[in-house]
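Computed from heavy atoms alone, side chains included, the values below leave out hydrogens, waters and symmetry copies. Counting starts at 1 for both ligands and their atoms, in listed order. Being a predicted model, the structure only gives us computed values, none of them experimental.
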Amino acid sequence: MDHQHSLMPPAAIPSTTFKIGLCQLSVTADKERNIAHARKAIEEAAAKGAKLVMLPEIWNSPYSNDSFPVYAEDIDVGGEASPSTAMLSEVARLLKITIVGGSIPERSGDRLYNTCCVFDSDGKLKAKHRKIHLFDIDIPGKITFIESKTLTAGENPTIVDTDNHWWVLAEVGRIGIGICYDIRFQELAMIYAARGLFLPSLDQAADNQLYVATCSPARDVAAGYVAWGHSTLVGPFGEVLATTEHEQDIIIAEIDYSLLELRRTNLPLTKQRRGDLYQLVDVQRMKSES
Ligand SMILES: NC(=O)CC(=O)C(=O)O
């Protein structure tokens, strides 16, 4: 008897759909509470069927230059040095879900980054995206925020290929990661789209024929930086599939790959692009191929 063959899973056709959960979290100065609170929200999203769960930017700490060094964690060391990522890894493994862990302040040597960790359904750290475009802005009379006072910019776009376990019966596809201000730089979404991406947490859904999921902290008017809320899932025609208001909330919505394929067939933008007239250079790919 061919034992290896007998261990093969029964033939199953993976579903083209899966549910995503966007956890619009309230964030406080109490880090332990923030971690427990995020865990509860992830569990709730998974209980509602989400196979991919997303958190907002800086969910374990107030969003301020004073807080980043105090709340920062050494992700590479892990364990007690990084209670936030330890929680994400554990809950991803226990619930068999993929987590795009918003972002937390990361300490690496003498540098700090604004970093998103992605965990697969075995709880393994699949990718770490360090915010590429730092939020250095000055709107007179309204807001000045200079992230580069404390943070260092990341150097790479991040694309994650998630698992496709036969027992899960749905993969959550190829994900491109962007953190907040990264969303404003369309070249990043274009690079992600050019790499055949399914689901970036970035903008420009219709232009690049992608699903786009954005996840914000809940609005807190007493905070130093007041987030907008309104976490949203947008489909490949630019259609808003699910959204919310300012308050804490969990959005559960469906992603369907077959729709993505259909849209790309209906409007074959990739084939019609006039690469002979203009070109977007993927520096990361060029580096890795040279
Ligand atoms: N926090 C950010 O990075 C940016 C932001 O809030 C915005 O682009 O607006």
List the atom pairs, with distances to 0.1 Å, where a side-chain N or O of residues 132-141 and a protein N or O form a donor-acceptor pair under 3.5 Å, not counting sequence neighbours.
residue: His133; atom: ND1; partner: Asp182; partner atom: OD1; Å: 2.7
residue: Asp136; atom: OD1; partner: Glu147; partner atom: N; Å: 2.8
residue: Asp136; atom: OD1; partner: Ser148; partner atom: N; Å: 3.0
residue: Asp136; atom: OD1; partner: Ser148; partner atom: OG; Å: 3.4
residue: Asp136; atom: OD2; partner: Ser148; partner atom: OG; Å: 2.6
residue: Asp138; atom: OD1; partner: Thr144; partner atom: OG1; Å: 2.8

Residue shell around ligand 1, heavy atom under 4.0 angstrom
Glu57, Tyr63, Lys131, Phe135, Cys180, Tyr181, Arg184, Tyr225
Among Asp76, Thr115, Thr158, side-chain hydrogen bond (donor to acceptor under 3.5 Å, both in side chains) partner for Lys128
Asp76
Regarding Thr28 and Asn34, is there a side-chain donor-to-acceptor distance under 3.5 Å anywhere?
yes
Which residues satisfy the ring pair (Phe, Tyr, Trp, His ring centres under 6.0 Å) test with Phe68, sequence neighbours excluded?
Tyr63
Other cluster members, Leu269 - Ile/Leu/Val/Met/Phe/Trp/Tyr, side-chain contacts below 4.5 Å:
Phe237, Leu267
May I ask you to check whether over 12 heavy atoms, not counting those of Arg111, lie within 6.0 Å of atom CZ?
no
